[in-house]
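Not measured: the values here are computed from a predicted model. Reckoned from all heavy atoms, side chains included, excluding hydrogens, waters and symmetry mates. Proteins get letters first, then strands, A, B, ... in listed order; numbering begins at 1 in each.
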There are 2 protein chains.
Amino acid sequence: MEINPLKLENQLCFPLYACAKEVVRQYKPFLDEIGLTYTQYITMMVMWEEKSMNVKTLGERLYLDSGTLTPLLKKLEKQGLIIRQRSTEDERNVIVTISEEGENLRQKAVEIPLKLGSCIPIAMEEVQTLYVLLYKILGSINKQDCTDKK
Amino acid sequence: MEINPLKLENQLCFPLYACAKEVVRQYKPFLDEIGLTYTQYITMMVMWEEKSMNVKTLGERLYLDSGTLTPLLKKLEKQGLIIRQRSTEDERNVIVTISEEGENLRQKAVEIPLKLGSCIPIAMEEVQTLYVLLYKILGSINKQDCTDKK
DNA sequence: CTTTTTAAAATTGCATACAATTTAATTTTA
DNA sequence: TAAAATTAAATTGTATGCAATTTTAAAAAG
């Protein structure tokens with residue numbers, strides 16, 4: 001009984017990739033109502049919690065770089081949800097701060113996680129298991145570059 | 001003890017989204033060696049297995065639509081890895097067939113899953129658990145549109 | 001104190017993703 | 001059978017993602 005190492009469904013990566021895409025897609029109708037994309041939504045989630053932080057730190061939290069964040073933050077600023085300003089202490093840093101309007105949006109967003117939960121019929125303990133495993137993988141990646149492994 | 005429903009780390013979706021992104025990123029150095037992107041790689045994986053199929057079926061397998069696949073398949077065709085041709089039976093269908101060169105590429109790709117495995121330090125049984133849960137979610141999504149849930 | 005190095009954003013270029021629309025072909029209906 | 005509905009790809013437009021480069025500022029080295 002030979003196992004095909006290149007069969008799509010034998011890879012862990014593929015269900016991860018597909019599942020993430022499909023779950024994110026479930027958010028769309030709800031996010032449309034508040035005028036955010038998914039990436040903008042997770043960015044606002046950090047802003048609702050932190051109120052203010054620089055692009056670098058925000059990127060570490062979201063696993064995104066400035067190439068993605070810069071244009072995204074400009075859009076959020078144009079929508080009036082955040083303010084971007086150079087730090088006076090260290091002018092290399094751009095500080096992102098949530099605006100009044102951004103704070104207000106939180107009220108409309110607060111129901112979304114619950115609504116999404118009902119879209120994904122999975123037991124709480126399974127969610128917990130999944131959650132722990134995903135963070136385990138996330139934590140172990142980036143620790144080392146495995147390309148130079150002999 | 002209040003739980004913040006909008007805290008980034010309390011969402012299942014975020015670790016899923018971030019983990020998928022980071023794991024896919026780990027493939028890059030290996031895929032660079034054979035000249036494929038990740039999406040092209042999973043497409044070739046299906047082609048190596050199926051040899052020939054139409055765009056629609058390929059899309060169902062990969063959870064991708066023609067908007068993504070059409071340009072991607074054109075690039076693979078330009079690289080000589082596949083052949084695209086309209087079905088003579090039903091001219092709405094485009095049949096994608098693997099080429100000789102595409103078949104040959106499999107030899108170079110076959111080591112990739114193993115190499116990746118060593119980048120992700122996680123026990124086999126955990127992989128299995130994760131795998132089952134991800135497919136459970138994937139299977140339950142698309143069954144129903146949950147927006148109209150009262 | 002000047003040069004070099006490092007660091008943070010921004011920019012550039014390429015490759016997805018996906019909703020929405022269009023086009024062309026096939027099926028179903030009336 | 002002719003019109004209407006459905007279907008498969010392709011096209012269009014918008015929004016990521018990310019590697020690589022550039023720009024500007026701060027820190028470290030000599």
To the nearest angstrom, the CE-P distance between Met53(B) and dA8(D) comes to 13 Å
Nearest-nucleotide check on DNA chain D, Thr39(A) vs Thr88(A); residue mapping nearer the 5' end is Thr39(A)
Tyr27(B) OH to dC18(D) C1', in whole Å, measures 18 Å
Item to check | Sugar-phosphate, base or nothing in reach of Glu89(A), heavy atoms under 4.0 Å | outcome: sugar-phosphate
Taken to the nearest whole Å, CG/Leu58(A) to P/dT16(D) is 13 Å
For the side chain of Ser66(A) and the base of dA8(C), is some donor closer than 3.5 Å to an acceptor across the two?
no
From CG of Leu73(B) across to P of dA17(C) the rounded distance in Å is 13 Å
Of Val94(A) and Glu91(B), the one whose nearest nucleotide on DNA chain C sits closer to the 5' end is Val94(A)
Taking a pair to mean Watson-Crick or G-U wobble geometry with both distances below 3.5 Å, dA20(C) pairs with dT11(D)
Closest of dT16(C), dA17(C), dC18(D) to the Thr68(A) side chain is dC18(D)
Taking only N and O in the side chain of Lys74(B), is any of them less than 4.0 Å away from OP1 or OP2 of dT11(D)? yes
Leu72(A) near the nucleic acid: base, sugar-phosphate alone, or nothing, with a heavy-atom cut-off under 4.0 Å? sugar-phosphate
Hits for side chain to side chain contact (heavy atoms under 4.5 Å, CB included) against Val132(A), two or more places apart or cross-chain, chain-then-number order -> Gln128(A)
Side-chain contact check for Thr70(B): nearest option of dT11(C), dT26(C), dT11(D) is dT11(D)
Between CZ of Arg25(A) and P of dT16(D) the distance, given in whole Å, is 16 Å
The nucleotide from dT16(D), dC18(D), dC18(C) with an atom nearest the side chain of Gln40(A) is dT16(D)
*Report yes if at least one side-chain N or O of Arg92(A) is closer than 4.0 Å to OP1 or OP2 of dA10(C); otherwise report no.*
no
- For dA25(D), does either OP1 or OP2 sit under 4.0 Å from a side-chain N or O belonging to Asn93(A)? no
Task: Side-chain heavy-atom pair Leu16(A), Leu16(B) within 4.5 angstrom cut-off - done: yes
OP1 or OP2 of dA26(D) under 4.0 Å from side-chain N/O of Arg86(A):
no
field: N or O in side chain of Lys56(A) less than 4.0 angstrom from dA7(C) OP1/OP2
entry: no
N or O in side chain of Lys75(B) less than 4.0 angstrom from dT16(C) OP1/OP2:
yes
### Message
What verdict does the salt bridge (Lys or Arg N to Asp or Glu O under 4.0 Å) test give for Glu22(B) and Arg25(B), after you've listed the backbone C-alpha separation in whole Å, the side-chain angles of each residue and the deciding distance to 0.1 Å?
### Response
CA-CA 5 Å; Glu22(B) 294 306 304; Arg25(B) 206 222 304 261; 2.9 Å; yes
Here the distance between atom P of dA10(C) and atom CG of Leu64(A), to the nearest Å, is 14 Å
Please state whether the phosphate of dG17(D), meaning OP1 or OP2, lies under 4.0 angstrom from any side-chain nitrogen or oxygen of Tyr17(B). yes
Whole-Å distance, Lys28(B) NZ to dA15(C) P, equals 10 Å
When every non-hydrogen atom of Leu62(A) is compared with those of Lys21(B), the smallest separation belongs to O-NZ, 4.3 Å
dist Glu111(A):CD -> Ile34(A):CD1 (nearest 0.5 Å) comes out at 11.5 Å
Exercise for review: Output yes when at least one side-chain N/O atom of Arg84(A) is less than 4.0 Å from OP1 or OP2 of dA9(C), else no.
Suggested key: no
Using a 4.0 Å heavy-atom cut-off across all strands, classify Asp90(A) as base, sugar-phosphate, or nothing. sugar-phosphate
Fill in: Electrostatic pair Arg106(B):Glu49(B) at N-O distance under 4.0 angstrom
no
Indicate whether OP1 or OP2 belonging to dT14(D) is found under 4.0 Å from a side-chain N or O atom of Thr37(A). no
Side-chain contact check for Asp65(A): nearest option of dA25(C), dC18(D), dA10(D) is dC18(D)
Verify the distance criterion only: is there a donor paired with an acceptor across the side chains of Asp90(B) and Ser87(B) at less than 3.5 Å? no
Rounded to whole Å, the CG-P distance (Leu69(A) to dG17(D)) equals 10 Å
